[in-house]
Amino acid sequence: MTRRIRIRTRTGLVAATALTALMTLSTPAAPAARPADLTLGAAAAGTGRWFGTAIAGYKLADPVYTGIAAREFSMVTPENEMTFDATEPRRGQFSFAPGDRIVDFAGANGQRVRGHTLLWHPGLPAWLVSLGGSELRAALMNHVTQVMRHYQGRIDSWDVVNEAYADGTGRRRDSILERTGGDWIEVAFRTARVADPAAKLCYNDYGIEDWTAAKTQAVYAMVKDFTARGVPIDCVGFESHFDHLSPVPATYGTTLRNFADLGVDVQITELDIEAAPPAAYRQAVRTCLRVRRCTGITVWGVRDSDSWRSGSTPLLFDAAGDKKPAYPAVLGELGLNCSRGRTLGPPRPGRPV
Ligand code: XIL
């Protein structure tokens, strides 16, 4: 079958091509029979989604790194430059230059930005940790307001709260944030909506990909409660750091669909998979593509050497910047689905999750 498809990129509609050529990409051994300008971002755009990467500001001087980052991705997440300790290292004194640099890079390349992250227990400065009670609460919410106002109009989605739930239980993680009162997450989202009404507001976490996990159920209950009570939340980020102890779960699609059914967008926000097996990458991408409200996929770094777990070589490009076997697997999966996205029409009904 030869069918012409259109892929939307930031430079317009391009790459009318044979669907059969894209279908061959779904096998790792496939020849590179694709338009030269087909990239992860362009292929994902054909499904109505973005494909992003984490960016480390100090690597922006590396032309191999910036070349791949600019070419392949349509969304950027600052890896460490927007955490609390990075943006407000001293009380009331903000440091935006490192984050600005990444936002400028994204702007120069027509990419959108996920803000990461406003409130996260490991990324807190020493001055904050010495506060308590209502003073701490006020400092947290002032931080949310000031950072969001600075970036107003330049951030697509914010991870307002990151990793607030404990592993292996349905309980919230014990942290200084928690000790400001059980409603701090809700207050953060309400504060964020006022600070930048146009930004999408996300809760982001790991270990919530398996529907049967207690942590997943707890986060689901929180989002269900928020949506029922009108607490502003637009999206849930599933980090999706997978390895042999925590592989892509069989219930991944069920999880994404159940959250989406609450009326929020879902996103794969920090994808990396130990040893980058093409089949596992294909499975993760397919899972997102089968959920209409799964709006995008971000991998947590460009090359294996850029990964926070570089020893497990979990990414789509090797240390030399060459495409690994998982790359055509992902591209092929996106290409197979490029007529099924929100841009070019609704998903086909009745497909298994
Ligand atoms: C990681 C970064 O990649 C590292 O550079 C940093 O040292 C620690 O944090 N969950 C998150 C990300 O939300 O911010 C983390 O990123 C990985 C786990």
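Each ligand, and each atom within it, is numbered from 1 in the order the structure gives.
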Side-chain donor/acceptor of Thr216 to backbone N/O of Thr212, under 3.5 Å: no

Common cluster, Trp50/Val113, ILVMFWY with side-chain heavy-atom separation under 4.5 Å: no

Short side-chain to backbone donor-acceptor contact, Arg172 and Gly182, under 3.5 Å: yes

Polar side-chain atom of Thr251 near backbone of Thr254 as donor-acceptor pair, under 3.5 Å: no

Residue pair Phe84 / Val147, side-chain heavy-atom distance below 4.5 Å: no

Could you go through ligand 1 and list every pair where one of its N or O atoms sits under 3.5 Å from a protein N or O, giving the atom names and the distance to one decimal?
{"from": "ligand 1", "atom 1": "3 (O)", "to": "Glu79", "atom 2": "OE2", "distance (Å)": "2.4"}
{"from": "ligand 1", "atom 1": "3 (O)", "to": "Trp300", "atom 2": "NE1", "distance (Å)": "2.9"}
{"from": "ligand 1", "atom 1": "5 (O)", "to": "Glu79", "atom 2": "OE2", "distance (Å)": "3.1"}
{"from": "ligand 1", "atom 1": "5 (O)", "to": "Asn80", "atom 2": "ND2", "distance (Å)": "2.9"}
{"from": "ligand 1", "atom 1": "10 (N)", "to": "Glu163", "atom 2": "OE2", "distance (Å)": "2.7"}
{"from": "ligand 1", "atom 1": "10 (N)", "to": "Glu239", "atom 2": "OE1", "distance (Å)": "3.1"}
{"from": "ligand 1", "atom 1": "10 (N)", "to": "Glu270", "atom 2": "OE1", "distance (Å)": "3.1"}
{"from": "ligand 1", "atom 1": "13 (O)", "to": "His116", "atom 2": "NE2", "distance (Å)": "3.3"}
{"from": "ligand 1", "atom 1": "13 (O)", "to": "Asn162", "atom 2": "ND2", "distance (Å)": "2.9"}
{"from": "ligand 1", "atom 1": "13 (O)", "to": "Glu163", "atom 2": "OE2", "distance (Å)": "3.4"}
{"from": "ligand 1", "atom 1": "13 (O)", "to": "Glu239", "atom 2": "OE2", "distance (Å)": "3.4"}
{"from": "ligand 1", "atom 1": "13 (O)", "to": "Glu270", "atom 2": "OE1", "distance (Å)": "3.4"}
{"from": "ligand 1", "atom 1": "13 (O)", "to": "Glu270", "atom 2": "OE2", "distance (Å)": "2.7"}
{"from": "ligand 1", "atom 1": "14 (O)", "to": "His116", "atom 2": "NE2", "distance (Å)": "2.7"}
{"from": "ligand 1", "atom 1": "16 (O)", "to": "Trp300", "atom 2": "NE1", "distance (Å)": "3.2"}

Arg179 with Asp174: basic N within carboxylate O range, under 4.0 Å: yes

